[in-house]
Amino acid sequence: MTSQTLWEARKYEETFGKAIRKEERPKFHLSPRVGWMNDPNGFSWHDGKYHMFYQYHPYDSHWGPMHWGHAVSEDLLHWEYLPAALAPDEIYDRDGCFSGSALTLPDGRQLLMYTGVVKERQADGSCHEVQTQCLAVGDGTDYVKYENNPVLDERDVPEGGSRNDFRDPKMWREEDGSYRCVIGNRPADGSGQILLYASPDGFKWNYVKKLAENGNRFGKMWECPDFFPLDGKWVLLTSPQDMLPSGFEYHNGNGTLCLIGDYDKETQDFAEQSDQSIDYGIDFYAPQTVLTPDGRRVMIGWMQNWDTCNHRRVQEEPWFGQMSLPRELSIKNGRLYQKPVRELEQMRSGQVAYTDVTVSGLVKLEGVSGRRIDMELTVRPAEGCDLYRKFAVRFAQSESCYTSLSFRPAESVLKIDRKFSGSRRAIIHQRRSLVNHRAGELKLRIVLDRFSAEIFVNEGEQVLSAVLYTEQEADGISFIADGTVGVDVTKYDLV
Ligand code: FRU
């Protein structure tokens, strides 16, 4: 039975979602059907399609009582909206259905696990959220909340763990048919930890152990964990709040963290070996992964950051928030690599290619422009020339606007800067990243959609993501060098 709250949300999104023209949305990045979107939820392969749910407030382009929006896709790039899947309509989730995950049960039904939120008034008048884990089961469109919800609550949190910060379960199925999930929690030291739970059937869950402890190393509370095997290692992804930057790694505010290590399935111990940011740009948070039927581990993040939500086209717009490109993950030399899913190549058309163009000062190339493009650049010192001081590419460019990506080889620093992208708000608009290069030789792949840029460095060694709201007519691209640079350029339109 659909509750009144869910029915109203479905009615509302159907009516007002239709009013948003296709051209007002990103072309191949998922945006909310209407209103506000944050974290990806329940990213899964079910019944022949990819499912993506998302943190959703249909009634407003700002965060509010959380629903789960829902969309499906066959190629991870073209999405079709389905009716909202969950609404905050039960006693145990009346103040929000927060983030969670999905899997397919052996009988073919889809199981969702999410965080139910209830605000509890304290004696001093303040309000605390109590967070528990809840289930819903469905056919891929309609879901029924489980009669024994919540399935995990404060009694399932280890000593010292908070019942106010206990959220974002990510489940998976083990080879023996049993289930595990990881959940973010705040321990007594005020930072974060990831808790591991197990279940024989997906419905009855038990606490196993602390899988990872922050100990105040990386920010405070750890949100939205994901844990999976990759190329012989195990990877723990999480999004820490209240980060302190450390060199060029981790920016302040809400960041992303990737821990790579070994996992012993017998003892269920995770031994961390290395840490890094997941994304080095401005807008990326709370990513979640899926295992594709052909065995690829693909990640999508919320291409936005809590600290920059005031960067908007206009204050009241019909939709706000979008997902990142789906990215294929791998591990090379102990680091996480990300590449746009190969399905993106099927959208390429109209190749324009140049080999070894000499750039000194400013250069524009015939046929190289556009706002929905996939462009590969190889940059190196021009033949017989000294190392250049700086190379930059400007895109989404008009008379008055552009966003730039600049590289200073002597410092090994790549910088994305959107302060001239048309924004009228004083918020962070740039980010620097240390990159590897061989004597000034660097590979870049720039994917632009209407409202975003994602930069893949050195075949995916690093990624920088940023949203931009520059008017669509600004489609110019130019190359600038201080010194003399040789550049190979291959550009495709994405259609
Ligand atoms: C992360 C997050 C999650 C929570 C959700 C609420 O962006 O804070 O921890 O479940 O957003 O919308």
Side-chain angles (χ1 to χ4, degrees), residues 9 32 35-43 52-70 84-88 92-102 112-119 127-136 150 152 157 161-171 181-186 191-195 214 218-226 236-243 251 253-257 278-279 282-288 299-309 320-324 465 467:
W36 163 277
M37 160 195 276
N38 59 290
D39 315 352
N41 293 161
F43 188 20
M52 178 59 92
F53 303 82
Y54 50 90
Q55 289 287 279
Y56 185 34
H57 185 225
Y59 305 111
D60 194 348
S61 66
H62 295 263
W63 193 87
M66 280 292 114
H67 297 57
W68 274 35
H70 192 186
L86 301 176
Y92 50 81
D93 64 15
R94 61 168 185 248
D95 293 307
C97 299
F98 276 17
S99 286
S101 52
L112 311 181
M113 190 180 202
Y114 67 97
T115 299
V117 175
V118 173
K119 284 190 184 139
C127 237
H128 280 176
E129 279 179 2
V130 178
Q131 305 186 332
T132 61
Q133 317 316 320
C134 305
L135 301 174
L152 289 170
V157 172
S162 163
R163 64 193 196 115
N164 310 114
D165 289 297
F166 175 44
R167 58 180 175 271
D168 311 335
K170 173 74 200 272
M171 308 181 276
C181 84
V182 280
I183 303 179
N185 181 234
R186 192 189 297 273
S191 67
Q193 62 187 358
I194 303 302
L195 306 177
N214 182 359
F218 306 104
K220 294 285 180 184
M221 170 67 185
W222 283 1
E223 302 189 300
C224 301
D226 196 348
L236 178 64
L237 304 180
T238 183
S239 296
Q241 296 180 311
D242 309 311
M243 296 276 272
H251 53 70
N254 296 281
T256 56
L257 172 68
I278 304 172
D279 194 281
I282 309 169
D283 298 300
F284 192 83
Y285 198 67
Q288 210 175 68
M299 175 181 79
I300 288 184
W302 179 40
M303 191 159 48
Q304 190 57 58
N305 193 296
W306 287 110
D307 297 286
T308 55
C309 286
F320 180 81
Q322 46 182 322
M323 294 302 170
S324 73
S465 308
V467 299

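One-based numbering, in listed order, for ligands and for the atoms of each. Quick note: numbers below take in every heavy atom, side chains included, and nothing from hydrogens, waters or symmetry partners.
A parallel orientation is assigned to the rings of His70 and Phe53, their planes being inclined by less than 30° (bins at 30° and 60°). Ring pair His57/His67 is tilted by interplanar angle, where 30° to 60° counts as tilted.
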Mind listing the N or O contacts between ligand 1 and protein, cut-off under 3.5 Å?
residue, atom, partner, partner atom, Å
ligand 1, 7 (O), Asp39, OD1, 2.7
ligand 1, 7 (O), Asp39, OD2, 3.3
ligand 1, 7 (O), Trp306, NE1, 2.9
ligand 1, 8 (O), Glu223, OE2, 2.8
ligand 1, 9 (O), Arg167, NE, 2.8
ligand 1, 9 (O), Asp168, OD1, 3.4
ligand 1, 9 (O), Asp168, OD2, 2.6
ligand 1, 9 (O), Glu223, OE2, 2.8
ligand 1, 10 (O), Ser99, N, 3.1
ligand 1, 10 (O), Asp168, OD1, 2.6
ligand 1, 11 (O), Asn38, ND2, 3.2
ligand 1, 11 (O), Asp39, OD2, 3.1
ligand 1, 12 (O), Asn38, ND2, 3.1
ligand 1, 12 (O), Gln55, OE1, 2.7
ligand 1, 12 (O), Trp63, NE1, 3.1

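For the 3.5 Å distance criterion, the side chains of Asp93 and Tyr114 qualify, holding a donor opposite an acceptor. Between Ser239 and Asn254, the side chains place no donor N or O within less than 3.5 Å of an acceptor N or O (distance only, hydrogens not considered).
Here Trp222 pairs with nothing under the side-chain hydrogen bond (donor to acceptor under 3.5 Å, both in side chains) rule; sequence neighbours left out.
How far OG of Ser465 is from CD of Gln322: 10.0 Å, rounded to the nearest 0.5 Å.
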